**Q** 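Before we start, here is the structure in question, set down as C-alpha cells.
This structure is a prediction, so every number in the text was calculated from the model and none was measured. Numbered from 1 within each chain, the chains take letters A, B, ... in sequence-line order.
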Amino acid sequence: MRYYFHLRIGREFSPDEIGLDLPDLDIAYLEAFHAARAMWSELLAERSDPMLRSFEIADSDGRVLLVLPFREVLESARRPKGRMPNEIQSAYTLLEKTRTLTEALGEEIKAAQAMIETTRRSMQQTRRVLAAPPRAVNGGRSGA
Amino acid sequence: MEHGAGALSCKGTSLMSKSETPAELLIRKLESIGELSGSQRDALGRLEAARVSVAPHTDIVREGDRPTSVTLLLEGFCCRYQLVADGKRQITSFHIPGDLPDLPFLFLSVADHNVCSLAPSQVAMIPHKAMLGLFREQPDVAHLFWRGTLIDGAIFREWMVGIGRRSAFTRVSHLFCELIVRMQAVALSSEYSVELPLTQTDIADALGLSTVHVNRTLQEIRGAGLIELRRGRLVALDWEGLCEAGEFEQTYLHRQRTEAV
C-alpha cells in the first residue's frame with residue numbers, strides 16, 4: 001500500500017509527491033510519528049514552531065486517512081509510562097468512555113426504575129384511595 | 001533473506017554480458033584511485049573469478065561467516081549492514097560496481113557484519129588464494145587495494161560526522177553527492193545523472209532517519225530545485241547547490257583523476 005505524507009504548516013500545504021510503500025496504516029502512523037519526533041528537535045534548533053505542523057496521511061486516491069498533529073509527540077510524552085500509539089490510545093479512550101457512559105447510564109436506569117417504582121406505588125395508593133368509599137373527604141357527611 | 005548456495009546461482013567463469021570483463025572493471029576502479037603499470041594490469045587480468053547472479057535483498061556475507069573469496073560487484077547495488085537488538089537495520093556503507101565490499105575478510109577471518117544486495121546484482125567471486133597470489137606477485141597492486149580500504153575508512157568517517165552532526169537535509173544531500181562522485185569515478189553516470197536503485201527505507205537505514213523523515217527531506221531537496229528523482233534515477237539539477245546543501249567536499253574520496261568531473 002502506498003501512503004502519502006502531506007505536511008501542513010499553519011495555512012501552508014506541502015504535498016508529498018513521492019509517497020512510501022508501507023504494509024498498513026498502523027505502520028504509516030508510527031513512521032510519521034517517528035519522523036515528527038525527530039523533526040521536533042530540528043525545528044526547534046531553527047526556531048520554527050513544530051506545534052503548527054501536522055502530517056496528513058493519504059492514500060493514492062488522495063483520501064486523507066489520518067491526521068497527525070506534531071503536538072501529539074508532546075502529548076505522548078505527557079502520558080503516563082507505556083506510551084501508546086494514537087489508535088490504541090484512542091481505542092482505550094473510547095473503551096473507557098463507553099465504560100463510564102454505561103455506568104452513568106446504569107445509574108440513570110436505576111434512578112429511573114426507582115422513580116417508576118415510586119410512581120407505581122403512589123398510583124397504587126391513589127387507586128386504593130379512589131376505590132375506597134369516600135369517608136372524610138367531605139367533612140364526615142355521608143351519602144353520594 | 002536468502003543465503004547460501006541456493007541464493008547465489010553460480011554461472012561459472014563466463015564473460016560479462018557487457019563487453020567488459022570483471023578484471024577490466026576492477027582495473028578501472030583501481031585506476032580511479034591510483035596508477036597501474038602494464039604488467040600490473042596483466043596480473044589483474046589473470047585473476048580467476050566466478051561470475052554469480054544475486055537476487056535483490058540477498059545476503060552475500062553474513063555475520064559470523066568465514067569467507068574464502070572476495071566479491072567484486074559487477075552490476076547492481078550492495079550494502080554493508082548490522083542489526084541492532086530490536087531488529088532495526090543500520091546500513092554502514094553502500095557499494096557500487098567496482099567495489100569489493102567483503103575485502104576486509106581477506107585478512108579478518110570472521111565476518112563482523114553482513115553484506116547484502118539491494119538490487120538485482122552481478123558479482124565476481126575471486127578466491128582469497130588468487131588475491132594473495134596477486135599481492136605476492138605485485139606488491140604495488142596490494143598497496144592500491146590498501147589505499148582503497150583507507151578511502152573506505154574515510155567514507156565511514158564522513159558518514160559518522162553526518163549522522164552525528166548534520167541535519168537530515170544535509171545528510172541526504174551529502175549522500176547523493178557522494179554516490180554521484182563515486183559513480184562518476186567508475187563511469188557509471190552521465191553528467192550528474194545516476195541510476196539509484198535505493199528505496200527511501202534504505203536511505204533511512206543508512207542515515208539513521210525514519211522513512212517519513214527521508215520522504216519529507218527528499219521533497220525539500222527537490223523543492224529547492226537541487227535534484228530530480230525519476231524512476232530510480234537521481235539527477236542533480238544544480239550540482240554546486242547540492243554540494244553546498246550537503247556540505248560536500250570530495251577530498252575524502254581521494255580520486256586520482258578529478259578532472260573527469
**Q** By a 4.5 Å heavy-atom criterion (distance strictly below it), what part of A:E42 contacts chain B: side chain, backbone, both, or neither?
**A** side chain
**Q** Within a 6.0 Å radius of atom CD on B:E228, are there more than 12 heavy atoms belonging to other residues, nucleotides or ligands?
**A** yes
**Q** Step through it carefully: locate the ring centre of A:H6, locate the ring centre of A:F13, and say whether they are under 6.0 Å apart.
**A** yes
**Q** Just checking, any donor-acceptor pair under 3.5 angstrom between side chains of A:E72 and A:Y29?
**A** yes
**Q** Counting only heavy atoms closer than 4.5 Å, note whether B:A168 contacts chain A via side chain, backbone, both or neither.
**A** both
**Q** Name the region of A:S14, side chain, backbone, both or neither, that has any atom closer than 4.5 Å to a heavy atom of chain B.
**A** both
**Q** Looking at the rings of B:F94 and B:W159, which for Trp means the six-membered one, are their centres under 6.0 Å apart?
**A** yes
**Q** Go through the atoms of A:F55 and report whether side chain, backbone, both or neither lie under 4.5 Å from a heavy atom of chain B.
**A** side chain
